[in-house]
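To start, the structure under review is shown below, and the notes come after it.
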Protein chains: 2
Amino acid sequence: MEQSRRGGQPTLRDVAERAGVSAMTASRVLRDDPQVLPATRERVRAAAAALGYRPNEVARSLRLGRGTGLVGLVVTNLANPFYSRLALGVDSVLVQGGLKTVIGNTGQDPHAERELVADLVARRVDGIIAVPAGADQRHLAAAVAEGVPVVLASRPPEGFAADCVLVDDFGGAHAATARLLDRGHRRIGFLGSPPAVHTGTERLRGYAAALADAGLSADARLIRQGQTEPHEATRAATELLALPEPPTALFCSNNRNTIGAFRAIRAHRARRAAGEAEVALAGFDDFELADALGLPLTLVAYDSDELGRAAGRLLASRLRTGGPPAPPREIVVPTSLVEYGG
Amino acid sequence: MEQSRRGGQPTLRDVAERAGVSAMTASRVLRDDPQVLPATRERVRAAAAALGYRPNEVARSLRLGRGTGLVGLVVTNLANPFYSRLALGVDSVLVQGGLKTVIGNTGQDPHAERELVADLVARRVDGIIAVPAGADQRHLAAAVAEGVPVVLASRPPEGFAADCVLVDDFGGAHAATARLLDRGHRRIGFLGSPPAVHTGTERLRGYAAALADAGLSADARLIRQGQTEPHEATRAATELLALPEPPTALFCSNNRNTIGAFRAIRAHRARRAAGEAEVALAGFDDFELADALGLPLTLVAYDSDELGRAAGRLLASRLRTGGPPAPPREIVVPTSLVEYGG
DNA sequence: CTGTTAGCGCGTTCAG
DNA sequence: CTGAACGCGCTAACAG
């Protein structure tokens, strides 16, 4: 484990010198080119091992023009379990192809997202997997135009061609809302993410469609969109429950809203008149400890790791076959209803 | 937004050609070198904009020898909120220095971790932030020896010099155990991660020390180490509760064990004889919904985002000052006890 | 103010 | 079987 230069890693030439051969021969040995005399090969191998040599991947990718073996992952908030599971799913598939995942956390800021994508492209990532925060996807379209494959997760591409993995947002929301209706609820509130988010609008559509199927129409006063964090959802839910004619059930379009609504309902429980029925709760996204809340809970579940894995597979296959020629693919991950007991 | 070559991004020479200057001049303009005639500058700028040019960061880092602007983050399981928060904290600091985070998820596999670190070094990351899974840290020592700064999070370096950020494991565990003792518990079980993990052993030490302070000695029959996932912890806790002389309280060394133990206690509640007191629960790590479990719960809380941010800051400052010369620093994040009501 | 030369570390091409 | 030359895209150093 000697060092040949101040603090730096050894280079191919260091190995070659030590083995008494040219850099070219060393390169061949290290890439398992058979055209080398066994004796020479051994000398080079020994030298490389002694120096702890590892080829400089930066130089390789520049030379080979093949990209960097890196994939950018663009999400809004890694602390949200939805995104961290997605990240894990993506990474678990990509590592099998020798690819590594670069985190891009945008914190909901569209400008940061634009910069991030541009930077990833400048870094010559082999591809990008993104869950765009807003409706404007031109920065992603630009990446595609420059030859960087993009896979969208949980949102469809708008205005350009790209592979994507979606959740059955409409169907899941419809099923959950229908379940509440089946139980006799007629005034069902809706809590969701900002209207610009695709999943939010699709889930709202599913909710409204289920109401329509039951001969009801969505009541705008019972719909609150725009909550991103649980505490915002708690406030929104509390407001709904304080209405003159409050909803008897709530449907939430994601885990942040469900958790927030749960807290509101629990607080409301204390103030409730005797005999008054508890507000029913349903939501999109399963989450850890959902079974432990002491409240009946209907959740729209799906395999969120699989969402990431599917995105990773789409990108990996796209990289294998090269570029945009093949038509874009869309994968829809199915949902199912889960009931947690009170 | 024209393209000069098939699918590839435009190069500096494409810009130069289009502007009718040499590559060198174009380079100067794009790096805001003042030594350029304003008119020329405008021509180059226009050409770059028209082509959508972005400098190839791979080539730049090779040329400048300054590293890649990437930092490797080595953790065992990104789906664990502890690690995803850490990742977010790290990334939030690093982006401010123009650095990006590369995920390395090892899934507890020491071999995968070795490979991962070697690969990150080969990719010429500027530094590594790691939460090593096992006791063997030679791969990290090797990275340091090759000039790659390493910062450890939540474990101290073993056998080499590196900055690290620790949680007050001993103090937190001691305080939580003392709290249980104050409440009159004398038979307190312990559930923890595998003994090889530093936090696990430190927290066990804190637990044992608190018992000793109360004139008690740790009872090996009440100690279960090795649980990594909640379901394993549930089984271990269930076994403890089924002992002839079961513990009246449990202390868990991390959130996975606390959640697992919670489920065991809840199940046990149903089978409990009337009048028998409920098993008390305390644990290390705060977590979402801890307040909603319907069980009194004492948790050792700390700012887990700050853990990541501190690690990021240590690395960033190390990169600024360059290399290992300065003595290694150790930051300890304090803990506090949080009580959640039943 | 601008262009030429040279080379970061590696691998392809083509001669020895 | 091995080596010398060339270039990936970019920029520091030195011309002009």
Side-chain angles (χ1 to χ4, degrees), chain A residues 4-44 47-48 51-69 121-126 146-147, chain B residues 4-45 47-48 51-69 121-124 126 146-147:
Chain A
S4 57
R5 46 222 298 141
R6 32 112 192 118
Q9 289 105 323
T11 137
L12 186 60
R13 289 217 298 252
D14 296 330
V15 174
E17 248 172 69
R18 191 178 225 270
V21 297
S22 78
M24 206 45 253
T25 304
S27 172
R28 278 198 266 259
V29 171
L30 298 167
R31 285 222 303 105
D32 288 319
D33 188 322
Q35 305 286 71
V36 184
L37 212 58
T40 328
R41 187 179 324 173
E42 279 322 306
R43 286 217 315 289
V44 173
L51 294 172
Y53 172 79
R54 280 232 133 196
N56 182 333
E57 289 298 333
V58 175
R60 296 193 83 226
S61 54
L62 180 60
R63 173 69 244 245
L64 300 174
R66 263 204 244 121
T68 51
V121 172
R123 288 193 134 92
R124 299 307 192 261
V125 294
D126 291 350
E146 291 184 50
Chain B
S4 59
R5 46 221 300 141
R6 33 117 190 116
Q9 289 104 325
T11 133
L12 184 61
R13 290 220 293 256
D14 295 331
V15 175
E17 249 172 68
R18 191 177 224 270
V21 297
S22 78
M24 201 52 243
T25 303
S27 171
R28 279 196 267 259
V29 171
L30 298 168
R31 277 184 316 103
D32 288 317
D33 188 320
Q35 307 284 71
V36 184
L37 210 60
T40 325
R41 188 179 322 171
E42 281 320 306
R43 286 219 315 288
V44 173
R45 288 233 169 94
L51 293 171
Y53 172 79
R54 280 232 131 195
N56 182 333
E57 290 298 333
V58 176
R60 296 194 80 223
S61 55
L62 179 60
R63 174 67 239 242
L64 300 175
R66 265 204 242 120
T68 51
V121 172
R123 288 192 136 93
R124 298 307 191 262
D126 291 351
E146 291 183 51

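Lettering of chains follows the sequences in order, A, B, ..., and the numbering in each one begins at 1. Below, all heavy atoms of this structure are taken into account, side chains as well, without hydrogens, waters or symmetry copies.
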>> With side-chain contact (heavy atoms from CB on, under 4.5 Å) as the criterion, how do B:Leu51 and B:Arg18 come out once you've worked through the C-alpha distance, each side chain's angles and the decisive distance to 0.1 Å?
In response: CA-CA 9 Å; B:Leu51 293 171; B:Arg18 191 177 224 270; 3.8 Å; yes
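A:Asn56 has its side chain within reach of B:Arg124: a pair of non-hydrogen atoms, C-beta onward, lies under 4.5 Å apart. Side-chain contact between B:Val15 and B:Val29 is absent, with no heavy-atom pair separated by less than 4.5 Å. In this structure, the side chains of B:Arg60 and B:Glu57 come closer than 4.5 Å at one or more pairs of heavy atoms.
Checking C:dG3, C:dC10, D:dT11 against the side-chain heavy atoms of B:Arg31 singles out D:dT11 as nearest. Which of C:dG3, D:dC10, C:dT12 sits closest to the side chain of A:Arg63 comes down to C:dT12.
Residues that satisfy the salt bridge (charged side-chain N to carboxylate O under 4.0 Å, His left out) test with B:Arg45, not counting sequence neighbours, are B:Asp32, B:Glu42. With sequence neighbours left out, B:Arg28 forms a salt bridge (charged side-chain N to carboxylate O under 4.0 Å, His left out) with no residue at all.
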Any protein N or O atoms within reach of nucleotides 13-16 of chain D? Criterion: under 3.5 Å, listing atom names and distances.
none

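Heavy atoms of B:Ser61 sit nowhere under 4.0 angstrom from any nucleic acid atom. B:Val58 comes within contact range of no nucleotide atom at all, as no heavy-atom separation falls under 4.0 Å. At the heavy-atom level, B:Leu12 lies under 4.0 Å from base atoms of the strands shown.
B:Arg13 has a side-chain polar atom (N or O) that falls below the 4.0 Å cut-off from OP1 or OP2 of D:dC8. Residue B:Thr40 places at least one side-chain N or O closer than 4.0 Å to OP1 or OP2 of C:dT2. At D:dC8, none of the side-chain N or O atoms of B:Thr11 fall inside 4.0 Å of OP1 or OP2 (strictly under the cut-off). A:Tyr53 has a side-chain polar atom (N or O) that falls below the 4.0 Å cut-off from OP1 or OP2 of C:dC10.
Between A:Arg123 atom CZ and B:Thr68 atom OG1 the span is 7.0 Å, to the nearest 0.5 Å.
Here D:dC10 presents its C1' atom at 12 Å from CZ of B:Arg66, a figure rounded to the nearest Å. What separates CG of A:Asp14 from P of C:dC8 is a distance of 11 Å, to the nearest Å. One atom, CG of A:Leu64, and another, P of D:dG7, lie 17 Å apart when rounded to the nearest Å. In this structure, A:Asn56 atom CG and C:dG7 atom P are separated by 18 Å, rounded to whole Å. A straight line from CZ of A:Arg60 to C1' of D:dG9 spans 18 Å, rounded to a whole angstrom.
Nearer the 5' end of DNA chain C, as judged by each residue's closest nucleotide, is the contact made by B:Pro38, out of B:Pro38 and B:Ala59. Between A:Leu62 and B:Thr25, the one whose closest nucleotide on DNA chain C sits nearer the 5' end is B:Thr25.
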